[in-house]
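Numbers here simply count residues along the sequence, with the first being 1.
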Amino acid sequence: MNKPSIYGLTIEQLTAWLEERGHKKHRATQVWGYLYRQRVAAFAEMTELHPSCIQLLEEHFVIRTLEEHVRQEAADGTIKFLFRLEDGNLIETVLMRQKYGLSVCVTTQVGCNIGCSFCASGLIKKSRDLTSGEIVEQIMKVQLHLDGKQQGEKVTHVVVMGIGEPFDNYGNLLDFLNIIKDHKGLAIGVRRITVSTSGLPDKIKEFADSGLPVNLAISLHAANNDLRTRIMKINRAYPIEQLMEAVDYYLEKTKRRIMFEYILLRDVNDQKEHALELAELLQDKQRLASVNLIPYNPVDEHSQYQRSEQESILGFYDTLKKQGINCTVRMEHGTDIDAACGQLRSKQIRKNTA
């Protein structure tokens, strides 16, 4: 059996693990600093530790498990990494250069079972959840790439919007969030972390109760059940009424804003009547709700969907604004590479099996 990645332990879990084996609490703080501040590649590099502690760590954990398989770099500075896991599976991670900093989009599952009919992530069904260590290591691999350039750059923002449904891997997601926000480690501020879900009502409520003040985004993409069920099969299990009830619970519990993501599909969900329907759905939430309009990145396997015309995108935006709904149009990244989530992975898998 492969040893787990030490990146999968929160500082509390690491402290308890070491104390149970006779080591004092400060040892965990030392290990944490070596991992996330000095970013060592091997336990032997933790030279301040007693040799018995190093040996103990080596016997039970590894540090790095991901292998870079493919890297695509876009003209705008976006980098898409395809990582190979220890079991041979492939996952995607994306570095995006924003005006406000360097943002990394991470994957939480190998494949996806949500079944959005426009999405490349669901072309290959979920085979397993990622461990918390495998999610954390995506951030670490990107940071090590930046370290190698010796320009002093640091990952400042994280979006959990890659392959998979984060709330379907809830326990590992929470460990991941607690690890990356720790002020003695990567110290990524909670206000700079966004988790995106396709809408699992019970988990949205549980997330509200968790007290983690990170940002929440809902992949909505349609404002009525017929259309949303047609393009997102999860709506069969959790129709919009259940989703909005959970959203109301979240807003009441946290008093925090929610972002609704809306991918615009030409002649499917991008007409004025769709915008008015969306505005009506969010009318009672407009103080704490915003809409992020997303131009569609076409996927070969989903040729029934096309990118909305620019006129339709701007018209949709204007309609929402006139109805008092706060909205933005997402800035695009990596349009000259396999920009759609899951696209590079599915292409590589097809190439390997051809």
Side-chain angles (χ1 to χ4, degrees), residues 66 68-83 90-109 112 118-121 130 134-166 173 176-177 180-181 186-197 214-219 257 259-264 290-299 307 313 327-348:
L66 304 188
E68 186 178 311
H69 187 63
V70 174
R71 184 195 306 175
Q72 290 185 340
E73 301 194 33
D76 64 6
T78 299
I79 303 177
K80 177 169 275 196
F81 298 89
L82 190 67
F83 293 125
L90 300 173
I91 60 169
E92 290 183 0
T93 307
V94 184
L95 169 66
M96 296 167 286
R97 292 186 174 275
Q98 311 277 14
K99 291 180 180 179
Y100 50 75
L102 297 179
S103 180
V104 174
C105 178
V106 299
T107 284
T108 55
Q109 295 178 314
C112 184
F118 51 81
C119 181
S121 293
L130 293 188
E134 288 170 328
I135 309 173
V136 172
E137 193 176 351
Q138 294 173 62
I139 305 291
M140 297 305 298
K141 292 289 278 189
V142 174
Q143 185 59 58
L144 288 166
H145 166 78
L146 295 171
D147 291 346
K149 292 185 173 295
Q150 298 183 325
Q151 295 176 355
E153 292 184 312
K154 183 180 181 297
V155 174
T156 59
H157 294 70
V158 171
V159 291
V160 188
M161 296 183 181
I163 298 168
E165 165 54 58
L173 170 70
F176 161 74
L177 296 174
I180 66 170
K181 77 177 182 61
L186 290 172
I188 297 173
V190 288
R191 299 291 192 269
R192 296 180 172 187
I193 303 171
T194 300
V195 175
S196 175
T197 177
V214 305
N215 303 309
L216 180 64
I218 306 287
S219 293
R257 297 185 66 84
M259 180 174 68
F260 291 89
E261 297 168 304
Y262 196 102
I263 289 178
L264 291 162
S290 61
V291 175
N292 191 16
L293 300 174
I294 306 171
Y296 181 57
N297 285 312
V299 176
R307 175 188 292 252
I313 295 173
C327 64
T328 56
V329 178
R330 178 180 291 181
M331 182 179 296
E332 296 185 77
H333 296 273
T335 52
D336 53 334
I337 57 177
D338 293 308
C341 182
Q343 197 168 28
L344 174 58
R345 174 176 177 262
S346 62
K347 281 187 176 182
Q348 192 66 33

Less than 4.0 Å between a side-chain N and a carboxylate O, is that true for Lys80 and Glu92?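 The answer is yes: the pair qualifies as a salt bridge.
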Quick one: [atom1] on [X] to [atom2] on [Y], what's the gap to the nearest 0.5 Å?
X	Y	atom1	atom2	result
Met259	Thr194	CE	OG1	5.5 Å
Leu90	His69	CG	NE2	5.5 Å
Leu95	Gln138	CG	CD	12.5 Å
Thr93	Ile139	OG1	CD1	7.5 Å
Leu293	Leu264	CG	CG	5.0 Å
Ser219	Tyr262	OG	OH	13.0 Å

Quick one: do Glu261 and Ile218 satisfy side-chain contact (heavy atoms from CB on, under 4.5 Å)? Show the steps, please. CA-CA 6 Å; Glu261 297 168 304; Ile218 306 287; over 6 Å; no
Excluding sequence neighbours, so at least two apart, what forms salt bridge (Lys or Arg N to Asp or Glu O under 4.0 Å) with Glu137?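 By the salt bridge (Lys or Arg N to Asp or Glu O under 4.0 Å) rule, Glu137 matches no residue at all.
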Please evaluate residues Thr156 and Arg192 with respect to the criterion side-chain contact (heavy atoms from CB on, under 4.5 Å), reporting the C-alpha separation (whole Å), side-chain torsions for both, the decisive distance (0.1 Å), and the verdict. CA-CA 7 Å; Thr156 59; Arg192 296 180 172 187; 3.9 Å; yes
Please give me the minimum heavy-atom distance between [X] and [Y], naming the atom from each residue.
X	Y	value
Gln109	Leu130	N-CG, 3.9 Å
Val195	Pro166	CG1-CB, 4.0 Å
Lys154	Leu146	C-CD1, 4.2 Å
Tyr296	Phe118	OH-O, 2.7 Å
Cys105	Met161	SG-C, 3.5 Å
Leu66	Glu134	CD1-O, 4.1 Å

Within the 4.5 Å heavy-atom criterion, are [X] and [Y] side-chain neighbours or not?
X	Y	result
Arg257	Leu216	no
Ser196	Val159	no
Lys141	Phe81	no

Given the rule in the side-chain contact (heavy atoms from CB on, under 4.5 Å) test, do Ile135 and Leu173 qualify, once you have shown the distances and angles that lead to the verdict? CA-CA 8 Å; Ile135 309 173; Leu173 170 70; 5.6 Å; no
Between Tyr100 and His157 (side chain of the first, backbone of the second, donor and acceptor by atom type, cut-off under 3.5 Å), is there such a pair?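 No, because the side chain of Tyr100 does not come within donor-acceptor range (under 3.5 Å) of the backbone of His157.
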Ile79 and Met96: CA distance, side-chain angles, deciding distance, side-chain contact (heavy atoms from CB on, under 4.5 Å) verdict: CA-CA 7 Å; Ile79 303 177; Met96 296 167 286; over 6 Å; no
Is there a side chain to side chain donor-acceptor pair (under 3.5 Å) between Thr108 and Glu165? Walk through the geometry before answering. CA-CA 7 Å; Thr108 55; Glu165 165 54 58; over 6 Å; no
Result of checking Gln150, Lys149, His145, Gln143 against Asp147 for side chain to side chain donor-acceptor pair (under 3.5 Å):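 Per the side chain to side chain donor-acceptor pair (under 3.5 Å) rule, the option paired with Asp147 is Gln143, out of Gln150, Lys149, His145, Gln143.
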